[in-house]
Amino acid sequence: MSMIPEVRRHSNVESLSLAAAALVVELAEVSLRTRGRFTLVLSGGTSPRMLYELLAQPPFAERMPWSRIYLFWGDERCVPPDHPHSNFGLARQALLSKVPVPAVNVYPMPGAMAPPEAAAAQYEESLRAFFQAKEARQFPVFDLLLLGLGKDGHTASLFPGDAALDEELRWTRAVRVTSASPPVPRITLTFPVINRARTVLFLVSGAGKKKVLDEILSAAGKAWLRYPAARVRPSERLLWLTDEG
Ligand code: 6PG
């Protein structure tokens, strides 16, 4: 199926984050109406910080029926949750600590668990339990997956040239890429999981991403080979929100 990405250019991170918050609330309503719950995968990096803050405040927070919202992560740095580089830590500080989401609805990746391979395997186990997926070739379908874009074209912790890009069976992988910043091992969801999500929303904020973004969106040349983010093809909707206005 060919999918036409929706691209929305904003002039600053405030306007990008407001648009993203409105979309999250809208998609939550649709999911709750049709499936009775909303499964939301949060992203890492700093781009989503303001979105998280907005979702913790009126008018967005009260439109989120938190008891039926389930939160997951697309990737995590292998650090403890209170470490400044923890993706969970950022979301906890900006959002989770401020809204009535039940702790049992929150599925952080076990960043503090060693080795990363065991942490990745454990996360897949907890996802499989949540989705009641017992067969090897079963995959989850998340309602909404948030992603970011790195200057090298990485997304989640799927980096150019890394073996994790070719994973077909596992839901999660440990990633050890020395060029990653911060340079710590990571845990990531894999493409078979990402590309089965109903909607993927990319939040692209910050300098130095214009070239790679333009290449990905123009679908010219070999973007697909060079940039992992260009391989993201969810089942229903693909949105790119950028502040490269
Ligand atoms: C991570 C990420 C990563 C991130 C991009 C963009 O944990 O590092 O999930 O894929 O989204 O690197 O990061 P910024 O938003 O900080 O630019």
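Remember, it's 1-based here, ligands and their atoms both numbered in the order they're listed.
Every residue was checked against the salt bridge (Lys or Arg N to Asp or Glu O under 4.0 Å) condition with Arg37, not counting sequence neighbours, and none meets it.
The nearest protein atom to atom 15 (O) of ligand 1, hydrogens excluded, is given as Ser47 OG, 2.5 Å; this is a heavy-atom distance. Nearest non-hydrogen protein atom to atom 12 (O) of ligand 1 is His154 NE2, 2.7 Å. Of all protein heavy atoms, the one closest to atom 2 (C) of ligand 1 is Asp75 OD2, 3.2 Å. Scanning all protein heavy atoms for the shortest distance to atom 11 (O) of ligand 1 gives Gly148 CA, 3.3 Å.
Of all the heavy atoms of Thr46, the ones lying under 4.0 Å from any atom of ligand 1 are found in both the backbone and the side chain.
At a threshold of 4.5 Å between non-hydrogen side-chain atoms, the residues Asp143 and Leu27 do not count as touching. Between Thr190 and Val193, the closest side-chain pair of non-hydrogen atoms falls below 4.5 Å.
Only one option out of Phe131, Phe130, Trp73 pairs with Tyr107 in a ring-ring contact (aromatic ring centres under 6.0 Å, His included); it is Phe130.
Every atom of ligand 1 is numbered from 1 in the order shown, and the set under 4.0 Å from a heavy atom of Asn87 is 1 (C), 7 (O). Ligand-side atoms of ligand 1 in range of Lys209: 6 (C), 14 (P), 15 (O), 17 (O), range being under 4.0 angstrom from any heavy atom.
Using a non-hydrogen distance threshold of 4.0 Å, Ala156 registers as a contact of ligand 1.
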Expected list for residues 91-98: side-chain donor-acceptor pairs under 3.5 angstrom, two or more places apart:
unit_1	atom_1	unit_2	atom_2	d
Ser97	OG	Arg92	O	2.9
Ser97	OG	Gln93	O	3.4
Lys98	NZ	Gln93	O	3.2

